[in-house]
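Some notes on the structure that comes next.
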Amino acid sequence: MKGVPLSVLLAGLVAVAMLALAALAPWVSPTDPTDIGRYDLMLAELPPAFMADGDPRFPLGTDNQGRDLLSAILYGARVSIAIGGGAVMVASTVGVLLGLLAGYMGGLVDTVIMRLGDVILSLPTILLALLVSGIARAVFPEAGTVKWAPVILVAAISIHEWVQYARTVRAATMVEAAKDYVKAA
């Protein structure tokens, strides 16, 4: 592809490879890290296979409970990508909608949305995440379960990150709204 720097192409290939490995984790990983019956303390803390005393069954070695690290990384990537992707989708949707609303309406609506964003940005991310988690657990009794934990995590991240999208979209909306063709319409 002409014009695309090699570093961008390599970064894209690495990203696609990571996504593919995460998606194919049940078929690619040597073991299932969620299978408790496969833990073997006699295999704990083995070095990677390419080092001395390494075991070829465990390409990246094992942890302190004898679990294969490569399998744990592949399965963990699935959860991380799902939560990160979900948080970006929710934050971008909310941020774009609020940014459009603030930029086009202006006045009191713009002031309220942007000051709310300023308050949210003044709080540290971890503090806001703990606050959201605590409120969710108090309001919803099942919020502490494995079923709801990803949803709460996505919500906690999204609540802090929508502001960047809103500010960017608000600025672009204000520029476009001030143009003659919009005023004429």
| Checking Ser158 side chain against Ala87 main chain: does a donor-acceptor pair fall under 3.5 Å? | yes
| remark: Rounded to the nearest 0.5 angstrom, the CG-CG distance for Leu74 and Leu60 is 8.5 Å
| task | Would you check if Ile157 and Ile83 make a side-chain contact, meaning some heavy-atom pair closer than 4.5 Å? | result | yes
| said: Other residues, nucleotides and ligands only: do more than 12 of their heavy atoms fall within 6.0 Å of CG on Leu13? | reply: yes
| Linking I/L/V/M/F/W/Y whenever their side-chain heavy atoms sit closer than 4.5 Å, directly or via other members, would Leu98 and Met89 fall into one cluster? | no
| Heavy-atom side-chain contact between Ile120 and Trp162 under 4.5 Å | yes
| Transitively linked via ILVMFWY side-chain contacts under 4.5 Å: Val139 with Leu131? | yes
| request: State whether the number of non-hydrogen atoms from other residues, nucleotides or ligands found under 6.0 Å of Asp180 atom CG is greater than 12. | output: no
| His160 and Thr125: which non-hydrogen atoms are nearest, and at how many Å? | CE1-OG1, 3.2 Å
| Are Leu130 and Leu123 connected in a single hydrophobic cluster, I mean Ile/Leu/Val/Met/Phe/Trp/Tyr linked by side-chain heavy atoms less than 4.5 Å apart? | no
| Got Val88 and Tyr165 here, is their nearest side-chain heavy-atom distance under 4.5 Å? | yes
| said: Are the side chains of Pro26 and Tyr75 in contact, using a 4.5 Å heavy-atom criterion? | reply: yes
| Is it true that Leu19 and Ile73 fall in one hydrophobic cluster, defined by side-chain heavy atoms closer than 4.5 Å? | no
| field | Donor-acceptor under 3.5 Å (Ser133 side chain, Ala129 main chain) | value | no
| Closest heavy-atom contact between Pro30 and Arg57? | CB-O, 4.1 Å
| query | Side chains of Leu100 and Arg170: closer than 4.5 Å at any heavy-atom pair? | reply | no
| query | For the side chain of Ser122 and the backbone of Val119, is there at least one donor-acceptor N/O pair under 3.5 Å apart? | reply | yes
| query | Do any N or O atoms from the side chain of Thr62 and from the backbone of Glu45 form a donor-acceptor pair under 3.5 angstrom? | reply | yes
| query | Quick one: are Arg167 and Asp118 in side-chain contact, heavy atoms under 4.5 Å? | reply | yes
| Which pair of non-hydrogen atoms, one from Thr173 and one from Gly99, has the smallest distance, and what is that distance? | OG1-O, 4.2 Å
| said: Contact between Leu46 and Asp53 at the side-chain level, heavy atoms closer than 4.5 Å - yes or no? | reply: no
| remark: In this structure, CG of Asp35 is separated from CZ of Arg67 (nearest 0.5 Å) by 12.0 Å
| field | From CA spacing to verdict: side-chain contact (heavy atoms from CB on, under 4.5 Å), Val90, Glu161 | value | CA-CA 9 Å; Val90 171; Glu161 300 304 317; over 6 Å; no
| Quick check: does any side chain N or O of Thr31 sit under 3.5 Å from a backbone N or O of Asp68, one acting as donor and the other as acceptor? | no
| Distance-minimising heavy-atom pair for Ser71 and Pro33 | O-CG, 3.7 Å
| Closest non-hydrogen atom pair between Ala102 and Met114, with its separation | CB-CE, 4.4 Å
